[in-house]
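Step one of this worksheet: look at the structure below.
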Amino acid sequence: MGLRTGEQYLEAIKVRNKAEIYVMGKEVKDVTTHPFLKPSIMAFKATFDAPWEEDTKELARAWSPFINEEVNRFNHIHRSPDDLAAKVKLLRKLSHKTGACFQRCVGFDALNTLYIITELMAQKGKTEPKERFVEYLKTVQKKDLALAGAMTDVKGVRTLKPSQQKNKDAYVRVTEVTKDGIYISGAKANITGVAASEEIVVLPTRAMGPEDQDYAVAFSIPTDTEGIKIIVGRQLNDARRMEGGDIDALPYFYNHEGLVIFDNVFVPMERVFLLRDWQYTSQLVEIFSAYHRQGYGGCKAGLGDVIIGATYNLAKQIGVEKASHVQEKLTEEIFLTETMYAAGIAASLNAVQPCPNCWWVNPMHANVTKHLVARFPAQISQLAIDIAGGIIGTAPSEWDLKNPKLREYIAKYLQGVEGYTAEDRLRMVRLLENVSMGVAFMIESVHGAGSPAAQRIMFSRLYDLNYSEEVAKKLAGMKSNVKFTEKAEPWRDTETEKLAKSKSIEEKKQQ
Ligand code: SF4
């Protein structure tokens with residue numbers, strides 16, 4: 001099949017028999033109709049609609065050599081830098097259609113990460129994980145499955161390693177290995193779109209040592225599995241979704257995050273891609289986080305466009321769009337948005353190839369992208385609120401507008417330039433309020449794909465200060481013995497590149 005429609009996706013996730021999904025303390029069986037979750041399901045669905053819509057089908061389809069069929073790009077393994085750039089462009093486009101995070105990219109990045117890691121393991125002589133992974137990938141692609149990626153552990157005391165924690169389940173771990181599979185215990189936090197998914201791809205969240213080997217595990221599991229419990233988190237303004245209106249919760253597309261508990265869950269061996277292989281965890285984390293950081297250049301730039309458009313329209317509604325300070329602020333919003341996007345495209349086109357047919361993003365540029373995203377959305381929102389005015393925090397509700405006794409007054413006092421109605425004003429105000437201050441633009445931008453400190457660690461790991469010092473010493477006429485490389489950038493190899501260049505088990509034996 002390779003490509004499903006949005007309607008086919010909705011049908012597939014309707015019934016949950018085994019997993020328990022909770023929203024505000026109550027169990028939900030049909031996630032597609034629950035008023036709290038429905039906006040999130042609709043945002044996820046946009047990724048299934050994209051291959052069928054005129055303006056996105058080119059970007060949303062890709063050819064898979066694994067099944068010799070067209071697949072949804074969200075289940076595609078990147079085959080070139082252009083594929084990576086197409087991901088960023090698709091994410092920007094989908095933000096235009098949803099005004100929200102559409103939640104399918106974490107699973108997408110998890111697939112590509114496991115493809116590289118299992119390939120590198122195979123090159124070092126361990127071939128089974130790759131064979132299992134490729135079989136799994138073919139199933140995902142053929143059935144066009146909706147994946148969630150689960151990485152962040154609950155982590156307990158942050159200064160302690162997994163094996164040092166008093167709570168042994170502070171990180172997801174293997175509790176038993178049988179010839180047929182493994183048993184899993186623990187929980188993953190902040191898991192984007194998990195209640196909207198059909199499968200969860202679980203990855204370790206940090207580099208592990210030999211003492212943490214029970215925590216070095218990667219696998220996939222159907223979301224509707226016995227022992228899986230999902231507790232969906234709350235968000236700003238979330239109760240508005242349940243009011244049954246059509247204005248106050250605009251854009252009526254949202255992401256959700258959930259705490260996913262694995263209560264002694266059995267995972268069949270054919271779904272296990274990393275088992276106690278702690279030596280590969282630091283590379284795995286590096287690969288995944290860079291992939292997801294690159295993607296933010298697309299989706300957050302797309303949300304920036306929504307905010308710029310809403311701001312401009314509100315300025316027009318009150319007749320200030322030509323004022324020089326408004327023009328200046330809109331220009332700043334454009335600059336901030338395009339800078340995030342440019343970084344995401346640079347991370348794609350300057351891609352790295354750690355193994356034949358593996359394409360990874362440029363790790364320095366991917367980290368720069370996410371670091372910009374951690375800062376700029378707050379500035380874009382602030383400028384938008386500045387232009388939109390105080391009404392963004394004080395507007396009457398849609399229920400006031402719909403009250404026959406009040407409608408006339410609101411129509412009179414909310415209207416500005418002729419041609420725009422009070423309802424137009426309220427609609428645009430609500431869209432701007434919910435997108436500019438929502439989780440996807442404000443919280444996710446800071447913490448998603450790793451907090452800002454994580455990117456700064458990567459900058460200092462990747463940038464070779466000694467090299468640039470030698471460049472300066474040479475220009476200053478000081479003694480310098482360094483032989484300069486052909487590389488234009490003073491960058492060190494990543495852990496992944498070091499692993500790719502290291503010897504295989506066979507080569508080591510021959511020495
Ligand atoms: Fe995709 Fe962006 Fe949401 Fe991550 S934050 S899942 S990249 S839309």
Side-chain angles (χ1 to χ4, degrees), residues 39-50 56 59-60 72-76 78 84-113 146-152 188-197 199-201 203 233 235 251 253-258 287-307 337 340-341 343-345 347-348 361 366-367 369-374 376-377 380 435 438-452 454-455:
S40 167
I41 305 293
M42 297 317 282
F44 210 116
K45 176 177 171 284
T47 68
F48 285 92
D49 292 332
T56 41
L59 286 173
N72 190 305
R73 183 169 297 282
F74 283 93
N75 288 336
H76 180 53
H78 310 293
L84 287 157
K87 170 192 170 190
V88 175
K89 291 178 185 189
L90 176 62
L91 268 49
R92 189 167 182 172
K93 285 285 290 178
L94 285 178
S95 285
H96 295 174
K97 291 185 183 249
T98 59
C101 157
F102 26 87
Q103 309 149 95
R104 202 173 172 188
C105 328
V106 193
F108 181 14
D109 295 335
L111 279 184
N112 276 278
T113 300
L147 306 185
M151 196 173 204
T152 308
K188 293 280 186 181
N190 318 328
I191 305 309
T192 298
V194 63
S197 71
E199 296 260 328
I200 310 172
V201 182
L203 304 178
Q235 293 182 353
F253 289 100
Y254 290 96
N255 59 307
H256 74 270
E257 268 75 29
I287 295 167
F288 173 84
S289 50
Y291 269 135
H292 208 63
R293 287 167 194 176
Q294 165 238 16
Y296 273 42
C299 69
K300 302 311 176 204
L303 291 181
D305 297 328
V306 174
I307 290 169
T337 297
M340 295 190 290
Y341 183 62
I345 293 291
S348 311
V361 292
N367 278 281
T369 306
K370 173 63 219 309
H371 211 56
L372 295 171
V373 168
F376 288 1
I380 294 167
V435 177
V439 169
F441 202 56
M442 293 299 275
I443 317 287
E444 229 175 35
S445 293
V446 178
H447 286 291
S451 308
Q455 290 110 56

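In listed order, ligands and their atoms are each counted from 1. Just so it is clear, the model here is predicted, and its values are computed rather than measured.
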Is Lys300 close enough and on-axis enough to Phe376, meaning under 6.0 Å and within 45°, for cation-pi?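 The answer is no; the distance or angle limit is not met.
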Does His292 bring an N, O or S atom to within less than 2.8 Å of atom 4 (Fe) of ligand 1?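 Of the N, O and S atoms in His292, at least one lies under 2.8 Å from atom 4 (Fe) of ligand 1, which means yes.
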Examine all N, O or S atoms of Cys105, backbone included, and report whether one is under 2.8 Å from atom 1 (Fe) of ligand 1.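 Yes, Cys105 qualifies, because one of its backbone or side-chain N, O or S atoms lies under 2.8 Å.
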Residue among Thr369, Val88, Asn367 satisfying side chain to side chain contact (heavy atoms under 4.5 Å, CB included) with Gln294: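 Among Thr369, Val88, Asn367, the one meeting side chain to side chain contact (heavy atoms under 4.5 Å, CB included) with Gln294 is Val88.
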So does Ala290 get a backbone contact from the side chain of Asp109, meaning a donor-acceptor N/O pair under 3.5 Å?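 No, the answer is negative, given that no donor and acceptor are paired below the 3.5 Å cut-off.
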Describe, in one word, how the ring planes of Tyr291 and His78 are oriented to each other, choosing from parallel (under 30°), tilted (30 to 60°) and perpendicular (over 60°).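 Geometry flag for His78 against Tyr291: tilted rings.
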Would you kindly specify which portion of Gln103 sits under 4.0 Å from ligand 1, judged on non-hydrogen atoms: side chain, backbone, both or neither?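 The answer is the backbone.
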Side chain or backbone of Tyr296 under 4.0 Å from ligand 1, or both, or neither, by non-hydrogen atoms?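 Contact part for Tyr296 vs ligand 1: side chain (C-beta onward).
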Give the residue, atom name and distance (to 0.1 Å) of the protein heavy atom nearest [atom].
atom                    : value
atom 2 (Fe) of ligand 1 : Cys299 SG, 2.3 Å
atom 3 (Fe) of ligand 1 : Cys101 SG, 2.3 Å
atom 5 (S) of ligand 1  : Glu444 OE1, 3.1 Å

So how far is it from Lys87 NZ to Cys299 SG, rounded to the nearest 0.5 Å?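 Interatomic distance, Lys87 NZ to Cys299 SG, rounded to 0.5 Å: 9.0 Å.
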Would you say the ring centers of His256 and Phe44 fall short of 6.0 Å from each other?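 No - the distance between ring centres of His256 and Phe44 does not fall below the 6.0 Å cut-off.
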Numbered atoms and elements of ligand 1 in range of Lys300, under 4.0 angstrom, heavy atoms: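 The atoms of ligand 1 under 4.0 Å from a heavy atom of Lys300 are 5 (S).
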